[in-house]
There are 2 protein chains.
Amino acid sequence: MGASSENEYSRRGVSATKEEVHALAALLPSPLFPHSFCRVYPDYLTDSAKWATLVHSDGVGTKAILAYLMWKETGDLQVWRQLAQDVVVMNTDDVFCTAAPRHLLYCSLINRNRHKIPGQVLQALVEGTLAFFEAMQRFGVHLHYMGGETADVGDAVRTLTVDAAVTCRIPKNRIVKNEIKPGDVIVGFASYGQATYENCYNSGIGCNGLTSARHDVLKSDYGQRYPETVDPAVDHQLIYRGSRLLLDTYQGYTVADLLLSPTRTYVPLLLAMHENYFDQIHGIVHCTGGGQTKVLHFINNLHIVKNNLFPLPPVFQLVRQESTASLKELYTVFNMGHRLEVYCPEQIAPVLVQLASSFKIEARIIGEVRASDRACLTLHIEHQTIDFYRNSPL
Amino acid sequence: MGASSENEYSRRGVSATKEEVHALAALLPSPLFPHSFCRVYPDYLTDSAKWATLVHSDGVGTKAILAYLMWKETGDLQVWRQLAQDVVVMNTDDVFCTAAPRHLLYCSLINRNRHKIPGQVLQALVEGTLAFFEAMQRFGVHLHYMGGETADVGDAVRTLTVDAAVTCRIPKNRIVKNEIKPGDVIVGFASYGQATYENCYNSGIGCNGLTSARHDVLKSDYGQRYPETVDPAVDHQLIYRGSRLLLDTYQGYTVADLLLSPTRTYVPLLLAMHENYFDQIHGIVHCTGGGQTKVLHFINNLHIVKNNLFPLPPVFQLVRQESTASLKELYTVFNMGHRLEVYCPEQIAPVLVQLASSFKIEARIIGEVRASDRACLTLHIEHQTIDFYRNSPL
């Protein structure tokens with residue numbers, strides 16, 4: 001990708017573009033559809049020609065460290081119940097970009113430092129998971145908690161890691177293959193606000209970029225008091241160098257609320273889209289790792305132009321204000337306003353915007369797709385034009 | 001359990017008995033069979049009354065740190081290809097204690113410190129996984145690599161964690177329910193030696209107890225040179241306090257070979273048992289976390305007596321020699337000689353021993369089951385009698 005490998009995110013030990021990780025995928029058996037958001041395979045479990053199957057895994061990354069800081073500061077376990085939503089949604093929303101299964105098998109994987117993370121934290125995580133499953137059940141989406149593993153590995157893990165895997169079975173003829181076409185428009189769906197199924201404001205932060213957000217926004221104080229939240233190999237100039245405390249307020253929200261807002265799920269919206277507009281949708285992308293450049297993994301000869309992006313919600317204004325990173329880096333690391341985008345013919349766009357509005361999720365046409373001789377992306381942000389290219393073939 | 005919470009394993013931040021983790025299971029939906037080794041649920045994916053489904057996850061724990069030390073010392077990536085077998089087998093062998101699925105969906109989950117673990121390590125792990133899958137395929141067991149997640153989380157992880165999840169679908173009438181009965185004998189199957197399907201000697205170490213083995217056997221030198229392999233919160237007197245270097249030899253093997261020997265899979269043997277002796281088998285236990293006390297999680301009013309355990313193979317002789325832990329602790333932390341045990345009527349035992357011998361896996365009757373008014377276990381080791389009790393009801 002065009003993003004510099006010398007950026008701050010990288011110097012903090014995180015790769016937004018994850019070239020090394022994407023290279024591994026080439027070693028695995030080819031999935032049924034080269035561009036589908038999740039890897040889909042034949043239905044090995046029943047050997048049915050009409051069905052396909054999918055196992056997906058993802059986690060909360062270093063958002064767990066922010067939860068840890070907040071819990072240490074306040075003693076309130078609620079932050080762990082919220083974090084449970086993050087790990088579920090990082091999985092469900094990837095899956096629902098691909099298809100809309102009614103049943104998902106869920107399995108959790110936690111690695112902890114037992115000196116730092118007691119059993120009550122694990123319990124809060126399980127409780128939060130089950131509560132979120134219950135909320136999803138009201139939409140007819142059944143997540144089944146099948147078990148999991150919690151390992152005590154203090155020599156390997158400073159605090160904890162929180163991951164999960166989901167398995168589902170989907171009809172082959174109801175899979176979004178991400179066959180994006182020149183002439184398509186891009187409908188973006190806000191990552192922030194308060195959807196009808198949310199009980200408070202969601203900042204939109206999601207689960208990506210939290211290493212940067214934490215170090216850029218929070219004061220050095222946290223590094224001194226919680227050395228277990230810092231990789232000693234990272235240049236200390238990149239560590240907790242912000243101006244804020246977790247309980248400071250910014251535009252009426254606490255910094256903790258902004259940074260720890262649980263990842264919004266788009267599942268109710270995506271379910272309605274799959275059921276009602278499947279034939280008109282060419283592609284669905286979950287803007288997670290890679291932020292607004294994520295789509296580059298799913299196209300070949302196309303030029304994606306995003307020229308009407310959402311205004312920055314408060315959390316990203318805060319991050320931008322505190323960070324020295326370029327706009328190019330910020331849009332590669334964070335979703336910056338929308339975490340879901342749908343590629344479709346222009347005439348269907350108003351219908352999708354209307355559908356989103358029925359869930360009180362803001363939506364708009366944020367760009368368009370043009371023919372090209374390579375995979376490229378242009379972001380028009382304020383008065384800047386920022387170009388990205390995918391160098392490696394898919 | 002009867003094991004003291006003040007033992008050395010615990011002070012190193014690891015719980016062999018994992019009370020806190022087992023308590024979480026009570027929060028989850030009840031599985032179909034209360035005592036089956038893996039949690040089995042209805043077949044939510046197809047809603048078939050005849051089938052059940054299972055998602056299992058496990059990882060290599062701190063064996064990854066030993067692999068890291070060896071790789072840093074030698075530069076040889078082979079150790080990571082071997083570690084791939086560990087993570088697969090920690091999952092497959094749990095599953096095969098429950099049933100014998102022919103297809104398993106596999107998904108990997110790696111959290112790494114990108115400053116310490118480059119892409120070539122990830123690649124070696126994937127290569128090793130695929131090579132092991134190929135070996136299993138010769139027995140008609142098909143592991144499908146469906147994808148995975150690799151997260152860069154250096155602020156959370158000192159080196160790396162290596163985990164996986166497997167999903168499978170099994171006929172309800174072919175599940176070992178662990179209905180262990182008074183009068184049953186216990187057949188143990190050696191964790192060490194060289195099975196027909198192994199290409200070199202296996203020490204039997206498996207994937208449990210490696211935090212203790214590493215610190216008790218290896219010299220302080222490693223802690224000084226690789227501080228990233230130590231939790232600074234642990235009493236430094238418990239850290240790398242052994243007398244050996246990785247390339248020292250012990251009874252003709254290098255210490256590295258003994259400690260890093262990949263976890264033996266019993267899948268070919270278990271498959272043959274499920275196919276030929278399913279009706280005669282009352283219980284199967286994989287002696288992983290909890291070592292020789294594992295069975296206590298699967299019984300109620302029974303007294304398990306193990307009075308003919310295997311002699312210690314070299315790796316556990318080495319650990320015992322270097323450790324100050326009690327025999328009680330050692331048998332709770334390590335498998336100490338057999339990692340698989342089958343509970344069955346006495347008359348079938350010779351047949352199972354014979355079957356194992358066809359794979360060149362040593363087997364013997366290691367004990368028996370008696371009626372009791374509670375769940376308890378006695379190990380007769382040398383001239384000691386060691387008792388364990390399960391205090392909490394299942």
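We use all heavy atoms of the structure for the numbers below, so side chains are in, but hydrogens, waters and symmetry mates are not. To find a chain, count down the sequence lines: A is the first, B the second, and so on, and within it residues start at 1.
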Do you see a donor-acceptor pair shorter than 3.5 Å between the side chains of B/Asn111 and A/Asp163? yes
Proximity breakdown for B/Thr167 and chain A, heavy-atom pairs closer than 4.5 Å: both
Whatever's closer than 4.5 Å to a heavy atom in chain B on A/Val21 counts as side chain
Examine whether an atom of B/Leu160 lies under 4.5 Å from a heavy atom of chain A, and if so say whether it belongs to the side chain, the backbone or both; otherwise answer neither. backbone
Quick one, B/Met146 and A/Leu54 - any side-chain contact, counting heavy atoms below 4.5 Å? no
At a heavy-atom separation under 4.5 Å, does B/His142 approach chain A through its side chain, its backbone, both, or neither? neither
Tell me, for A/His103 versus chain B, whether the close heavy atoms (under 4.5 Å) come from the side chain, the backbone, both or neither. both
With a 4.5 angstrom heavy-atom cut-off, is it the side chain or the backbone of A/Leu45 that approaches chain B, or both, or neither? both
Between A/Thr46 and chain B, which part of the residue has a heavy atom less than 4.5 Å away: side chain, backbone, both or neither? both
Okay, B/Gln120 and chain A: the region with an atom under 4.5 Å from a heavy atom over there is neither
Quick one: what part of A/Asn113 sits under 4.5 Å from any heavy atom of chain B, side chain, backbone, both or neither? side chain
Let me know if B/Arg112 has heavy atoms under 4.5 Å from chain A in its side chain, its backbone, both or neither. side chain
Contact origin within A/Val55 toward chain B - heavy atom pairs under 4.5 Å: both
Let me know if B/Val126 has heavy atoms under 4.5 Å from chain A in its side chain, its backbone, both or neither. side chain
Can you give me the closest heavy-atom contact between A/Asp231 and B/Asp155, atom names plus distance? N-OD1, 2.8 Å
Determine whether A/Val234 and B/His115 make a side-chain contact, defined as any pair of heavy atoms from C-beta on separated by less than 4.5 Å. yes
Atom CG of A/Asp235: over 12 foreign heavy atoms under 6.0 Å: yes
Answer with side chain, backbone, both or neither: which region of B/Thr53 has an atom nearer than 4.5 Å to a non-hydrogen atom of chain A? both
Residue part contacting chain A, namely of B/Leu27, when any heavy atom lies under 4.5 Å: both
Under a 4.5 Å heavy-atom cutoff, which of A/Gly61, A/Gly119, A/Gly154, A/Pro118 has the most pairs with chain B? A/Gly154
Part of B/Ala164 lying under 4.5 Å from any heavy atom of chain A: backbone
Interface check, chain B: of A/Asp58, A/Thr62, A/Ile239, most non-hydrogen pairs under 4.5 Å belong to A/Asp58
Cut-off 4.5 Å, heavy atoms of chain A, and the answer for B/Leu122 is both
When A/Ala151, A/Cys107, A/Cys38 are compared by non-hydrogen pairs under 4.5 Å with chain B, the top option: A/Cys107
